[in-house]
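Take a look at the structure set out below.
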Amino acid sequence: MIKDKILEKLNRTLEQCADKDIFQVPSGFELQLEVPRAEEHGDFATNLALNLAKPNRCSPRDIATSFVEQLADGDGLFLEVEIAGPGFINLVISPSAWYKVLDEIARLQQNYGRSELGRGKYVQVEYVSANPTGPLHVGHGRGAAVGDALATILQATGHKVEREYYINDAGTQIDTLGRSVFLRYQQLLGRQIEFPETCYQGDYIQVLAKEMKEIHGDSYLDSSEEEALPVFSEHAARRILEGIRKDLEDFGVHYDRWFSENSLYENGTVDRVIETLKASGHIYEKDGALWFRSTALGDEKDRVVVRGNGMTTYLASDLAYHQDKYLRGFDLVIDLWGADHHGYVERMYAGVVALGKKRENLKLLLVQLVNLLRKGKQVTMSTRAGEFVTLEDVIDEVGRDAARFIFLTRRSDSPLDFDLELAKEKSADNPVYYVQYAHARISSIIRLADERQLNLDSPEKVDLTRLSLPEEMALIKQLSLYPEVVENSARFLEPHRIPYYLTQLASAFHSYYKHNRIIQDDLSLARARYYLVKAIRIVVGNGLGLLGVSAPEQM
RNA sequence: GCGCCUGUAGCUCAGGUGGAUAGAGCAACGGACUUCUAAUCCGUAGGUCGGGGGUUCGAAUCCCUCCAGGCGUGCCA
């Protein structure tokens, strides 16, 4: 990478300056190198002189001048070195160095953009984890897209990643589910029963009740809840979970492991973790309940883990669950939660610390709400009344690629407007097609070149100096940025940087394409442009791959 | 009340953890296909980065404060 090369040179020069006592470099000083916004400020700029001025008590420009004098550029990487403004050192990189970016892309292909950033790090990403009490809705879709992309990005940067879905198959919501189906079942068999508001209202409950009727006839009609509930709950949860798995499959989201909350109770993990925390003084008894002393670890109040009636709370199994995660050896555990859980965040961090891990070993990401729109108008959704647009509906209507891409265009902690009509539109308004179209167009060029047997694809004959237009240099520079975008996306756990980058790259390509012909009589020029355009296709394809969006060859 | 998040162009949002003159897309207006896909391109316009103070060579970015909005604040899940 060009940036690494520059950094190496600059750092060496810095050491030299310090050795020769030209100026002082404080220990731990970190050199900053950035791509300036304004073109006239060069390809790269460093503010090192500005930062070193104070400790040396002299002007930034003096530092910059002596630094530049020491800067040796044996292999001609720099075309120009300039001191500007208050003391920035601006660097212009020679075209020959830029051309090597294209060679690198051609050599690495699908591996261009992959890195070793996370080598040796074992990361778990847990996402969606919706309760098996109803079908997935749009909000879950966002969590699925973000979690899946994040996991892929982490893999691409060398992390070892496991994807997991936590099934909340214990607790009162499962009883409620069973009761809901049981009541509908009884109604179906002619009983006049009032259906309480606290039960699940959706049509899918009716469907499940019908299934129970088909399987068991009326044999549970006169059963007590005690007798019926386990059977009804088990069937309902299993069927709903099957649906969830199928929806996620259809969305292109796969898991390495489906983890049952219930198993934590069955194998005694929950009890064990409570005992452990009691022994370490993190859990105490008060008013007949067991409390987790989370205030000692930054939470605003202590939290109950076992209620006075002996029932455990959600937190109890979550503590057990996270202990289990760390026992499996993860260095970093990432949980994606719906934004409505945000009051829960601090106690979870506290829990992880109480379990003997560091706060940094856990990263809780909140995925904000999805505002579903149709032609700019809000689509009403009410969970209570059981009216919501399911993920399945959305995928059926707008397609997998559009849905995934749109879910990933915003940072996940800000609310997202999702317009169904816009998502279907095949125009520039719709960033998915805009990016995919760039890939398809290049593919089309490649097809045409093949058909005409122009033999443009012969790297050994390529004369890259033919790429001399400003747009061409700009495209190459943009391509060179891609690995860094992926790295930052992984470092900050922000997948939205990828779609943003891809949209910009696609934009630059479309403009270039419109104004310049790739295939043409000047074969030497054609070969060079073909080489460039192929590199663009690789990067677009790789980027879309990270998002789980297809890269079509034709549209 | 307390806690967390958000506030950038008419709308939806970027802004690479402090850099130089603030960035896209949409909407608006005006243009461009007999040549590799018009699902495209080109141009015009649009701003007190919520207000105020501070930190420093330098702030949309960090700190304080105020204003506005959202969410949370169960022995619920």
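Chain naming here is simple, since letters A, B, ... match the order of the sequence lines and numbering starts at 1 in each.
Residues A/T133 and A/T176 have side chains not in contact (no heavy-atom distance under 4.5 Å, counting atoms from C-beta outward).
Here B/A20 is the nucleotide among B/G15, B/A38, B/A20 with the atom lying nearest to any side-chain atom of A/N90. Distance from the side chain of A/Y433 is smallest to B/A39 among B/A39, B/A77, B/U40. Minimum atom distance to the side chain of A/M555 is reached by B/A39, of the listed B/C36, B/U12, B/A39. In the set B/G19, B/G23, B/G15, the nucleotide with an atom closest to the side chain of A/E34 is B/G19. Which of B/U37, B/G16, B/A77 sits closest to the side chain of A/N131 comes down to B/A77. For A/H342, whose side chain is taken as the heavy atoms from C-beta onward, the closest listed nucleotide among B/C4, B/A20, B/C57 is B/C4. Counting only heavy atoms from C-beta on, A/R410 has its side chain closest to B/A14 among B/A77, B/G19, B/A14. Checking B/C41, B/A38, B/A77 against the side-chain heavy atoms of A/Y434 singles out B/C41 as nearest. When the nucleotides B/A77, B/C36, B/G19 are ranked by their closest atom to the side chain of A/H341, B/A77 comes out on top. Closest to the side chain of A/I519, out of B/C36, B/U40, B/G19, is B/C36.
Atoms CG (A/L264) and P (B/A77) sit 15 Å apart, rounded to a whole Å. Regarding A/Y344, its OH atom lies at a distance of 22 Å from the P atom of B/G3, rounded to whole Å. A/K534 places its NZ atom 21 Å from the P atom of B/C36, with the value rounded to the nearest Å. Taking atom CD on A/E421 and atom P on B/U12, their separation rounds to 19 Å, with Å as the unit. Summarising the geometry, the separation between CD on A/Q554 and C1' on B/A39 is reported as 14 Å, rounded to the nearest angstrom. Atom CG in A/D318 sits about 14 Å away from atom C1' in B/C76, given to the nearest Å. Atoms CG (A/N516) and C1' (B/U35) sit 14 Å apart, rounded to a whole Å. If you measure from atom CG of A/L52 to atom P of B/G18, you get 17 Å, rounded to the nearest angstrom.
Between B/U37 and A/R441, no contact under 4.0 Å exists linking OP1 or OP2 to a side-chain N or O. The phosphate of B/U21 has neither OP1 nor OP2 within less than 4.0 Å of any side-chain N or O from A/R37.
Within 4.0 Å (heavy atoms only), A/A45 reaches at least one base atom of the nucleic acid. Nucleic acid contact for A/N47: base, since at least one base atom lies under 4.0 Å from a heavy atom of the residue.
Comparing A/F88 and A/D417 along RNA chain B, the residue whose closest nucleotide (by nearest heavy atom) sits nearer the 5' end is A/D417.
Contact check of residues 300-317 of chain A against RNA chain B (heavy atom, cut-off under 4.0 Å) returns A/E300, A/K301, A/V304, A/R307, A/G308, A/T312, A/T313, A/Y314.
With respect to A/E346 and A/R359, a salt bridge is recorded, a charged nitrogen being found less than 4.0 Å from a carboxylate O. Of the charged side-chain nitrogens involved, at least one lies within less than 4.0 Å of a carboxylate oxygen, so that A/E472 and A/R529 count as a salt-bridged pair. Look at A/K286 and A/D302 and you find no salt bridge, because none of the NZ, NE, NH1 or NH2 atoms lies under 4.0 Å from a carboxylate O.
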*Apply salt bridge (charged side-chain N to carboxylate O under 4.0 Å, His left out) to A/D522 and A/R466, showing your working.*
CA-CA 11 Å; A/D522 181 344; A/R466 299 299 309 275; 2.7 Å; yes

*asked:* Could you walk me through whether A/Q436 and A/D401 satisfy the side-chain hydrogen bond (donor to acceptor under 3.5 Å, both in side chains) test, starting with their C-alpha distance in whole Å, then the side-chain angles of each, then the deciding distance to 0.1 Å, before giving a yes or no?
replied: CA-CA 10 Å; A/Q436 287 186 324; A/D401 286 343; 3.0 Å; yes

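By the 6.0 Å and 45° rule, A/R303 does not stack over the aromatic ring of A/F292.
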